[in-house]
Amino acid sequence: MSLIICFVTFFCILEQSGNSSAELQTNEQFEIYVLADRLIDVLPYNYEDPAWRKLLESPPPGKVILADKDIEAYNWEDQEIILDSSSSERLIGLKLIEKSFIVYLGKRPLFGGSFIERGSARAINYPVIYIDKSRSHVVFQLWPIHGMFASYRELKNATIKRRIELADVMRHFRTLGKLR
C-alpha cells in the first residue's frame, strides 16, 4: 500500500512540474525582431558560419515587429505564422523585403535570417521569411533556406528543417492555444 502511495505522489509531482513548465512557457514572448541595417548583402551564405552566432548573441539595433499578441495561429506543418487582422493591416505597409530578422523566445535568440520574395534569385542557405499577402490575413512563411519548392512540405532535409522547427516554439504556441 505504501508503495502505491509513493507512486501516486511521484506522478502528482511530475504532473505539477509539467504544468509549471507550461506556465513558464507562456510568460516567454515569441518575437520577430527586425534589424535596422540592411545586412542581406553581408550575411554569410553558410548558416554554420560563426558570424551568424555572433549576430544572434549581439544583434545590432532594430525593433520588434511581431509578438504573440499579433499572431492568430501558427500552422506548424507548413511553418506559417498567420497574423491577426490589426497586425496584418499594420505590417502590410512595412518594407521588410531584404531586411534581416532574429526570432526570439523570451530573451533567447532562436535563429536569424532575411525577408525575401519567393521568386528571388538570391542564393541563400539560411532561414528566410516569405510574406504572403494574398489571403485575408498576412501570413509569414518561415523556411530554413530559400528554395524553389512548391510548398514547405516538399523540403525533405530534416537537418535543415530543424533550424526552424524548434520544440520550444511548438510547445509555446500549443500552450497559447494557437498551434494548428
Side-chain angles (χ1 to χ4, degrees), residues 25-26 28-41 43 47 52 55-56 59 62-106 108-180:
Q25 196 70 27
T26 58
E28 292 184 329
Q29 181 85 343
F30 176 90
E31 298 175 330
I32 297 180
Y33 175 86
V34 174
L35 307 178
D37 295 332
R38 187 173 180 274
L39 299 177
I40 194 167
D41 294 323
L43 290 170
Y47 197 62
W52 275 103
L55 177 71
L56 294 176
K63 68 178 185 175
V64 173
I65 62 152
L66 190 74
D68 290 335
K69 65 180 176 46
D70 305 313
I71 298 169
E72 184 174 294
Y74 196 123
N75 173 352
W76 190 258
E77 201 163 316
D78 294 318
Q79 287 299 301
E80 294 180 331
I81 297 174
I82 298 112
L83 280 56
D84 65 19
S85 297
S86 63
S87 300
S88 291
E89 290 175 24
R90 178 176 54 85
L91 292 175
I92 204 152
L94 290 181
K95 297 189 185 315
L96 295 172
I97 299 301
E98 297 195 349
K99 290 279 194 172
S100 298
F101 65 84
I102 298 174
V103 172
Y104 284 90
L105 188 58
R108 185 171 43 114
L110 302 177
F111 59 89
S114 295
F115 287 91
I116 64 167
E117 294 173 314
R118 182 175 293 283
S120 172
R122 286 185 175 273
I124 295 179
N125 188 24
Y126 55 80
V128 298
I129 295 177
Y130 304 125
I131 304 171
D132 181 355
K133 298 177 184 177
S134 68
R135 306 180 202 181
S136 61
H137 294 261
V138 171
V139 176
F140 282 4
Q141 299 169 332
L142 279 69
W143 284 52
I145 59 172
H146 174 49
M148 300 312 281
F149 305 99
S151 73
Y152 181 80
R153 295 178 195 196
E154 288 182 21
L155 181 59
K156 301 297 182 199
N157 187 321
T159 301
I160 289 176
K161 282 182 144 182
R162 278 193 293 272
R163 290 177 180 173
I164 64 169
E165 289 184 0
L166 305 172
D168 287 347
V169 173
M170 179 187 254
R171 268 191 302 277
H172 179 75
F173 282 99
R174 181 178 291 129
T175 301
L176 293 176
K178 296 183 176 187
L179 189 69
R180 285 189 184 166

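Start at 1 with the first residue, then count along the sequence.
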Going by the rule salt bridge (Lys or Arg N to Asp or Glu O under 4.0 Å), which residues pair with Asp132 if we only count those two or more places apart in sequence or in a different chain?
Arg135

Find the distance between CD (Glu80) and OH (Tyr74) and round it off to the nearest 0.5 Å.
10.0 Å

Working to the nearest 0.5 Å, report the span between CD1 of Ile116 and CD1 of Ile40.
6.0 Å

How long is the span from the CZ atom in Arg38 to the CD1 atom in Ile97, to the nearest 0.5 Å?
11.0 Å

Under 3.5 Å: donor-acceptor pair, side chain of Thr175, backbone of Arg171
yes

For Arg180, is there an ion pair with Glu77 - N to carboxylate O distance below 4.0 angstrom?
no

So, taking the atom named OG in Ser100 and the one named CG in Leu55, what distance separates them when rounded to the nearest 0.5 Å?
7.5 Å

Using the test ring pair (Phe, Tyr, Trp, His ring centres under 6.0 Å), find all partners of Phe101 that sit at least two apart in sequence or belong to another chain.
Phe115

Once ring pair (Phe, Tyr, Trp, His ring centres under 6.0 Å) is applied, do any residues pair with Tyr130, and if so which ones, sequence neighbours excluded?
Trp143, His146

Carboxylate-amine/guanidinium contact Arg108 Asp168, below 4.0 Å
yes

So, are Asp84 and Lys178 salt-bridged, with charged N and O less than 4.0 Å apart?
no

Would you say Glu28 and Tyr104 are linked by a side-chain donor-acceptor pair, where the criterion is simply a distance under 3.5 Å?
no

